[in-house]
Amino acid sequence: MNKISLVIFLFTNTLFAQNSNSTCEILFKINTLIQAEHINPKPVNDSLSAYVFDNLMNELDPSRNIFYKSQIDALSSKYRLNLDELILNKNCSFISEIKALYKANLERNKLVLDKISKENLDFNQLDTIRFKQKNFNFYLKESEVDKVWNKKIRYEILNDISGKSKNLDSIKSNFTSLALKSKKAIIDNEICKINALTKSDKPFEDGLYNIFCTYFDPHTNYFSNDSKSSFVSTLSKERLSMGLNVSLNNKNEIIVYEIDPNGPAFRSGKIKKGDQILSVSNQKETLQVSCSSLESISTLLSSELNTSITLTLRRNAGKIFKVTIEKQILKDEENAVYSFIIDKEIKIGYIKIPSFYSDFEGRSGRGCAQDVAKETIKLMKDDIKGLVIDLTDNGGGSMEEAIKLAGLFIESGPISILVDNKKRLSVINDPYKGVIYKGPVIIIINGNSASASEFFASIMQDYNRALLIGSTSLGKATMQTIAPLEKNDDQNFVKITISKFYRITGKSHQAVGVIPDVQIPTIYQTIFQKESEFPTALPNDSLNTQVRFRTYVKNSLIDELAQKSAKRVSEDPYFNSVKALNSKIDQTVNKPKPEMLMTIDNVFEEQNNLSNLWEEINNFDTKDLNLNVSNSDYNKSLLIIYPSEKEYNQMQLDALKSNHYLNEAITIIEDFKALKRN
């Protein structure tokens with residue numbers, strides 16, 4: 001350790017010691033709560049210690065350019081198998097030591113970057129670069145810090161300028177000026193990131209709490225009051241909002257792409273579609289977009305505790321300006337149930353459920369199930385002969401809403417078996433007598449369909465009340481609740497797994513997912529993360545018990561419909577194109593890349609290949625089906641009353657006209673009608 005780092009280390013070690021006791025106290029309380037309430041409370045032992053240590057180091061230094069290997073080895077021998085005992089004994093001196101060392105190394109990196117900024121970089125060095133798919137070993141030596149950072153900056157410059165043009169000759173002819181400009185931006189951004197990391201202890205502490213929680217399962221998480229507010233707001237159809245949506249462009253810049261005409265951002269009269277957001281502030285904290293994590297920016301923007309947000313924006317790479325927006329309660333269009341009618345040979349209803357939201361704040365008294373009921377009634381008034389329920393990309397939400405929704409489509413009987421954290425087994429029954437709709441139902445799912453959506457889909461599948469199409473779902477069959485660390489603690493919470501759900505057959509989709517009756521390829525399905533890929537996911541198991549229930553149609557009918565559909569899908573040019581595109585995505589994302597010589601030619605080729613794949617995905621030919629999609633008569637009348645919703649409604653209509661999964665669902669319903677007639 002050099003003299004400057006030593007001084008910083010000694011100073012910060014004293015400073016951090018003041019906070020480690022409170023951090024340790026929270027860790028102790030988290031463990032107490034988990035041991036009392038979790039469905040599977042593992043013992044706090046060497047296994048937990050190693051998990052927390054390894055994941056903390058990986059999270060602090062994912063690129064392996066902060067800690068020396070010798071430092072990691074020393075910390076590992078001292079703490080890797082001892083954190084469990086230290087936490088239980090409320091001795092968290094390890095936090096002060098790791099945090100101080102981490103920040104000292106960050107300050108060292110700033111000095112190295114400052115030095116590189118004043119040097120001429122040699123791009124003729126014949127260095128190679130290796131691409132790692134997962135966390136790799138710590139390797140950094142004290143004598144090689146400058147070399148490692150020099151190589152990293154050179155690669156980032158080559159990567160950056162390779163995206164400036166499709167013409168390699170043009171890049172080469174302007175290489176010097178492009179490299180100088182890129183170098184300054186990259187180093188400035190790296191220093192900005194370091195400043196953000198050294199300025200606040202909260203990300204370190206929250207990260208440590210979350211790592212500790214996820215040892216028990218992937219869905220047990222720590223929430224500060226702010227993050228709890230953000231999480232709860234995602235489960236609501238109405239939320240405090242600025243009334244604008246943003247997206248990332250190909251330069252990872254945050255761009256305003258949609259403004260709600262009913263929202264405060266629109267009424268400010270200052271923000272336009274296409275404006276670039278440079279920073280966000282809640283009047284207490286300001287985050288620079290270029291050097292802050294997307295997660296931290298999202299939390300700051302979405303938290304309902306932050307009612308006033310100041311945005312710093314730039315329009316068309318021109319003048320920079322600021323706008324302060326006071327949030328107001330708005331309907332979240334993207335999180336609301338909606339419906340349409342598809343008029344083919346017969347009229348088919350379509351209902352999209354983006355999430356299982358509920359009115360947790362008591363603002364409207366309405367939730368997802370009630371909204372689905374209303375949309376179903378609207379469609380039935382137009383004499384639909386079948387119903388398609390779209391659960392693609394539905395990550396779940398309120399289990400209560402999922403139970404209510406199942407009750408709308410099942411006449412009566414058991415719908416699930418629940419095992420709680422006391423190992424008590426109970427049967428959940430249909431909460432409603434009768435059904436809202438008796439016709440055939442098709443449900444579409446994909447790899448992002450999770451939790452409550454899997455719960456509902458599996459019930460409909462077990463009863464043969466619906467035929468499922470799409471790709472296998474995530475595989476989460478657990479339920480969580482949010483609990484404070486202590487009775488009067490309104491600042492610290494844990495979302496904790498307290499129950500497991502089993503299908504009425506006694507089987508579970510935990511870690512294996514809900515498997516559709518007809519497998520249909522969906523783009524990105526090879527890279528969707530599955531529950532089974534989380535190292536601490538609860539295992540799949542089954543119950544010896546099952547409950548009595550009666551299916552709506554014979555298994556033979558479901559099998560025949562599925563076979564007809566599978567044959568069509570296998571011969572369909574569109575779905576075969578999806579398979580081919582998935583193969584390319586899988587090859588790029590999941591397959592190990594060979595070591596590469598770090599030259600402008602090689603980096604340009606790599607960048608160009610990625611750019612071409614991205615363009616192919618964005619421009620993927622949906623082979624326009626031109627389905628005859630329209631609003632129900634009732635919704636047409638609503639659009640006359642609320643004309644501001646017409647634009648968003650038209651976007652939804654246009655998207656469905658070329659939906660091949662919807663088209664296949666309609667064809668299955670037509671098959672069902674034909675088979676019933678025969």
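Along the sequence shown, residues carry numbers from 1.
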Would you find a donor on one side and an acceptor on the other, under 3.5 Å apart, between the side chain of Lys103 and the backbone of Thr198?
yes
Does the Lys NZ or Arg CZ of Lys69 fall within the cation-pi geometry relative to Phe138 - under 6.0 Å from the ring centre and within 45° of the axis?
no
Would you name the heavy atoms of Ala36 and Lys422 that are closest together and state the gap between them?
O-NZ, 3.9 Å
Check whether Tyr215 forms a cation-pi arrangement with Lys42 (NZ or CZ under 6.0 Å from the six-membered ring centre, at most 45° off the ring normal).
yes
Taking Asn492 for its side chain and Ser224 for its backbone only, find out whether a donor-acceptor pair lies under 3.5 Å.
no
So, taking the atom named CG in Asp489 and the one named CD in Gln491, what distance separates them when rounded to the nearest 0.5 Å?
7.0 Å
Under a 3.5 Å distance rule, please check whether Asn89 uses its side chain to pair with a backbone N or O of Asn91 as donor and acceptor.
no
Ser451 side chain reached by Leu474 side chain, heavy atoms, under 4.5 Å:
no
So Phe501 and Phe455, would you call those rings parallel, tilted or perpendicular, with 30° and 60° as cut-offs?
perpendicular
Please find the pair of heavy atoms, one from Ser416 and one from Ile504, that lie closest to each other, and give the distance.
N-CG2, 3.6 Å
How about Cys368 and Ile353: do any of their side-chain heavy atoms sit closer than 4.5 Å?
yes
Where is the tightest heavy-atom contact between Ile211 and Val52, given as atom of each residue plus distance?
CG2-CA, 3.7 Å
Over 60° means perpendicular and under 30° means parallel, so classify the ring planes of Tyr79 and Phe94, tilted if in between.
tilted
Spell out, as yes or no, whether a donor-acceptor pair under 3.5 Å connects the side chain of Thr32 to the backbone of Phe28.
yes
Is it the case that the ring center of Phe549 lies less than 6.0 angstrom away from the ring center of Tyr463?
yes
Nearest 0.5 Å, please: how far is CG in Asn282 from CG in Leu300?
4.5 Å
Between Phe136 and Arg64, is there a cation-pi geometry (under 6.0 Å to ring centre, at most 45° from the normal)?
yes
For Asn446, the option from Thr392, Thr472, Asp393 that meets side chain to side chain donor-acceptor pair (under 3.5 Å):
Asp393
In Asn421, Thr478, Asp217, the residue satisfying side chain to side chain donor-acceptor pair (under 3.5 Å) with Thr497 is Asp217
